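Heads up: the structure comes next, in structure tokens.
It should be emphasised that the depicted structure is a prediction, and the values quoted were computed from it without experimental measurement.
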Amino acid sequence: MESYEKKIIVSQADLDNLNHVNNVRYVQWIQDISKEHWQSTAPKEMQAGILWVVKNHNIDYLSSAVLGDVILAKTFIASTKGAISVRCVEMYNDKTNELIVRSVTEWCLLNAMTLRPIRISEKIQKVFLSD
């Protein structure tokens, strides 16, 4: 499967009252990288008329990140079935390569007009396959 990655620099706004990255911020980053992967990989005409919504997040918080840390976030599609795509996101401390967060999210594909689930086509699945 094709993966997508980006680096995130932890800012003051990302921190909780313990001066660690807030768990809610990780959820936002998980959603952001997932959306960016879709938008940067799928052709615009494929993106038209459909949208993805989260059905379930499962997140393991394994370590902490603090102000100034650089996080390497990576995502890939683990599987698809029917209208559901299972996407993994892993976040590492870029300096130490320590795994900070691992998530598995079920995304459901919807028709943007009816907001009803639609089957993930083979054409969509192929967008995320490596050559």
Side-chain angles (χ1 to χ4, degrees):
M1 291 291 182
E2 181 181 307
S3 64
Y4 177 84
E5 58 185 58
K6 71 184 243 180
K7 291 187 179 180
I8 301 164
I9 300 172
V10 176
S11 72
Q12 186 67 43
D14 300 323
L15 303 180
D16 61 17
N17 60 345
L18 298 174
N19 289 318
H20 299 122
V21 172
N22 189 310
N23 293 359
V24 174
R25 185 66 81 202
Y26 286 116
V27 174
Q28 184 65 58
W29 290 340
I30 290 165
Q31 291 187 173
D32 290 348
I33 193 171
S34 300
K35 183 178 179 180
E36 290 169 24
H37 187 200
W38 168 248
Q39 290 177 338
S40 70
T41 306
K44 296 293 182 209
E45 59 275 6
M46 182 181 284
Q47 295 178 40
I50 58 175
L51 48 96
W52 294 95
V53 294
V54 171
K55 184 175 183 247
N56 176 282
H57 278 302
N58 183 344
I59 305 170
D60 292 318
Y61 300 99
L62 304 166
S63 187
S64 299
V66 296
L67 184 64
D69 281 352
V70 177
I71 297 173
L72 176 61
K74 301 178 182 183
T75 187
F76 61 92
I77 304 298
S79 65
T80 58
K81 183 175 181 181
I84 302 298
S85 176
V86 177
R87 176 182 287 278
C88 298
V89 175
E90 298 173 341
M91 296 186 195
Y92 297 86
N93 180 306
D94 192 49
K95 185 175 182 182
T96 66
N97 205 34
E98 180 179 17
L99 183 60
I100 300 168
V101 169
R102 177 185 303 120
S103 72
V104 177
T105 302
E106 291 182 346
W107 289 85
C108 183
L109 184 62
L110 301 181
N111 177 301
M113 297 285 286
T114 66
L115 301 181
R116 305 215 20 111
I118 56 174
R119 180 171 294 282
I120 300 166
S121 70
E122 190 173 317
K123 188 175 178 181
I124 291 173
Q125 290 180 48
K126 285 183 178 181
V127 167
F128 296 104
L129 296 176
S130 297
D131 292 333

Distance col, row His37:NE2 vs Glu5:CD, nearest 0.5 angstrom, shows 10.5 Å
Problem - 4.5 Å side-chain heavy-atom contact, Val89 and Ser34 - result: yes
| message | Are Ile8 and Leu72 connected into the same hydrophobic cluster when the rule is that any two of I, L, V, M, F, W, Y join if their side-chain heavy atoms are below 4.5 Å apart? | response | no
Identify every side-chain donor-acceptor pair in residues 12-22 under 3.5 Å, counting partners at least two apart or on other chains, and give the distances.
{"from": "Asp14", "atom 1": "OD1", "to": "Arg25", "atom 2": "NE", "distance (Å)": "2.6"}
{"from": "Asp14", "atom 1": "OD2", "to": "Ser11", "atom 2": "N", "distance (Å)": "2.7"}
{"from": "Asp14", "atom 1": "OD2", "to": "Ser11", "atom 2": "OG", "distance (Å)": "3.2"}
{"from": "Asp16", "atom 1": "OD1", "to": "Leu18", "atom 2": "N", "distance (Å)": "2.8"}
{"from": "Asp16", "atom 1": "OD1", "to": "Asn19", "atom 2": "N", "distance (Å)": "3.2"}
{"from": "Asp16", "atom 1": "OD1", "to": "His20", "atom 2": "N", "distance (Å)": "3.1"}
{"from": "Asn22", "atom 1": "OD1", "to": "Val24", "atom 2": "N", "distance (Å)": "2.8"}

Note: Glu90 and Leu99 closest approach over all heavy atoms is CB-CD1, 3.9 Å
Under a 4.5 Å cut-off applied to non-hydrogen side-chain atoms, are Val70 and Lys95 in contact?
no
On a heavy-atom basis, the closest approach of Ala73 and Ile33 is O-CD1, 3.5 Å
CD1 of Ile77 to CD of Gln125, rounded to nearest 0.5 Å, is 10.0 Å
### Task
Taking the side chain as every heavy atom from C-beta outward, state whether Val54 and Trp107 have any atom pair closer than 4.5 Å.
yes
Between the CG atom in Leu110 and the CG atom in Leu51, the distance rounded to the nearest 0.5 Å is 5.0 Å
With a 3.5 Å cut-off and sequence neighbours excluded, list the donor-acceptor pairs that the side chains of residues 56-66 form with protein atoms.
{"from": "His57", "atom 1": "ND1", "to": "Thr105", "atom 2": "OG1", "distance (Å)": "2.9"}
{"from": "His57", "atom 1": "NE2", "to": "Gln31", "atom 2": "OE1", "distance (Å)": "3.4"}
{"from": "Ser63", "atom 1": "OG", "to": "Glu98", "atom 2": "OE2", "distance (Å)": "3.2"}

- Query: Between Ile84 and Met46, is there a shared hydrophobic cluster once you connect ILVMFWY residues whose side-chain heavy atoms come closer than 4.5 Å?
  - Reply: no
Output for pair (Ile100 CD1, Tyr26 OH), nearest 0.5 Å, gives 5.0 Å
Are more than 12 heavy atoms, taken from residues, nucleotides or ligands other than Ile9, located less than 6.0 Å from that residue's CD1 atom?
no
| query | If we only count heavy atoms from C-beta on, is the Val127 to Pro43 side-chain gap below 4.5 Å? | reply | yes
In this structure, OG1 of Thr96 is separated from CG of Asp69 (nearest 0.5 Å) by 8.0 Å
Hydrophobic cluster membership, with links at side-chain heavy-atom distances under 4.5 Å among I/L/V/M/F/W/Y: are Val27 and Val101 in one?
yes
Between Ser85 and Trp52 the two heavy atoms that sit nearest each other are CB-CZ3, 3.7 Å
- [ ] For the pair Thr75 (side chain) and Cys88 (backbone), establish whether a donor and an acceptor sit closer than 3.5 Å, ignoring hydrogens and angles.
- [x] yes
So NZ of Lys6 and CE of Met91: to nearest 0.5 Å the spacing works out to 8.5 Å
Residue pairs passing the side-chain hydrogen bond (donor to acceptor under 3.5 Å, both in side chains) test with at least one member in residues 38-47, sequence neighbours excluded, are none
Does the side chain of Phe128 reach to within under 4.5 Å of the side chain of Thr80, using non-hydrogen atoms?
-> no
